[in-house]
Amino acid sequence: MKHIEMIQVFLSGVLAYISARLGILFPVLLLLMGMMAADYITGMMAGKLEAAAHPDDPSYGWNSRKGAMGIIKKVGYLCVIAVAMTADYVILNAASALGFAAPRTAVFGLMVTVWYLLNEMLSVIENAGRMGAPVPKWLADSIAILKHKVEENEQKGGTAK
């Protein structure tokens, strides 16, 4: 087997294992990472467009400090998701060890990840609007409603309705 094929097989196995362990959380995490990249790129593009429209105002535009702060914020998102996933793991295993019946699903990790995903989607829409793209109001409103529903669900203890 060629070197590249061995790497592909190894990575496929790793991704399959992670997917099997995380279940529904895995594709949601992948979507979140895609939206994080889209948000970062659209934010840079919107900043460049605003800088061109306001050449004499240094408050407009993209700079490395703003970019670094955006990356740090997104790393913070991933840290919060890791904490939520750890809480799920501890709760599920502690319940099992203590003999309590607990659902074998991740609750906190999934809810936090979905909340951040919706937040990133709203940010991409805002960036598109800053770039002059017409954004359907119903789309932004629908995402905001979904985000609010996740927040409400979280406050009620994570019971799906």
Peer 1: Side-chain contact test, heavy atoms from C-beta onward, threshold under 4.5 Å: evaluate it for M36 versus L32 and give yes or no.
Peer 2: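 Sidechains of L32 and M36: in contact.
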Peer 1: Can you list everything that forms a salt bridge (Lys or Arg N to Asp or Glu O under 4.0 Å) with D141? Sequence neighbours excluded, please.
Peer 2: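 By the salt bridge (Lys or Arg N to Asp or Glu O under 4.0 Å) rule, D141 matches K137.
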Peer 1: A side-chain contact here means heavy atoms from C-beta on lying under 4.5 Å apart; do K147 and M121 qualify?
Peer 2: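 In short, these two side chains do not touch, never coming nearer than 4.5 Å.
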Peer 1: Using a cut-off of 6.0 Å, state whether more than 12 heavy atoms not belonging to M45 lie near its atom CE.
Peer 2: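 No - once you tally the heavy atoms of other residues, nucleotides and ligands closer than 6.0 Å, there are 12 at most.
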Peer 1: To check you understand the geometry: which heavy-atom pair defines the closest contact between L22 and M85, and what is its length?
Peer 2: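 So the two residues come closest at CD2-CE, 3.5 Å.
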Peer 1: Go through the steps to decide whether L49 and R130 satisfy the test side-chain contact (heavy atoms from CB on, under 4.5 Å), and finish with yes or no.
Peer 2: CA-CA 8 Å; L49 189 63; R130 288 172 49 207; over 6 Å; no
Peer 1: Looking only at heavy atoms, which two atoms of A84 and V112 are closest? And how far apart?
Peer 2: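 That would be CB-CG2, 3.8 Å.
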Peer 1: Which heavy atom of P134 sits nearest a heavy atom of P136, and at what distance?
Peer 2: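 For P134 and P136, the tightest heavy-atom pair comes out as O-CD, 3.9 Å.
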Peer 1: Please walk me through it: do L15 and S19 pass side-chain contact (heavy atoms from CB on, under 4.5 Å)?
Peer 2: CA-CA 6 Å; L15 288 176; S19 178; over 6 Å; no
Peer 1: Should M111 and W115 count as side-chain neighbours, where that means a heavy-atom distance under 4.5 Å?
Peer 2: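 Result no, sub-4.5 Å side-chain heavy-atom pair not found.
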Peer 1: Can you name the salt bridge (Lys or Arg N to Asp or Glu O under 4.0 Å) partners of E126, sequence neighbours left out?
Peer 2: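 Result, salt bridge (Lys or Arg N to Asp or Glu O under 4.0 Å) vs E126: none returned.
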Peer 1: Treating Ile, Leu, Val, Met, Phe, Trp and Tyr as nodes and any side-chain heavy-atom pair under 4.5 angstrom as an edge, say whether L78 and I72 lie in one connected cluster.
Peer 2: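 Hydrophobic grouping puts L78 apart from I72.
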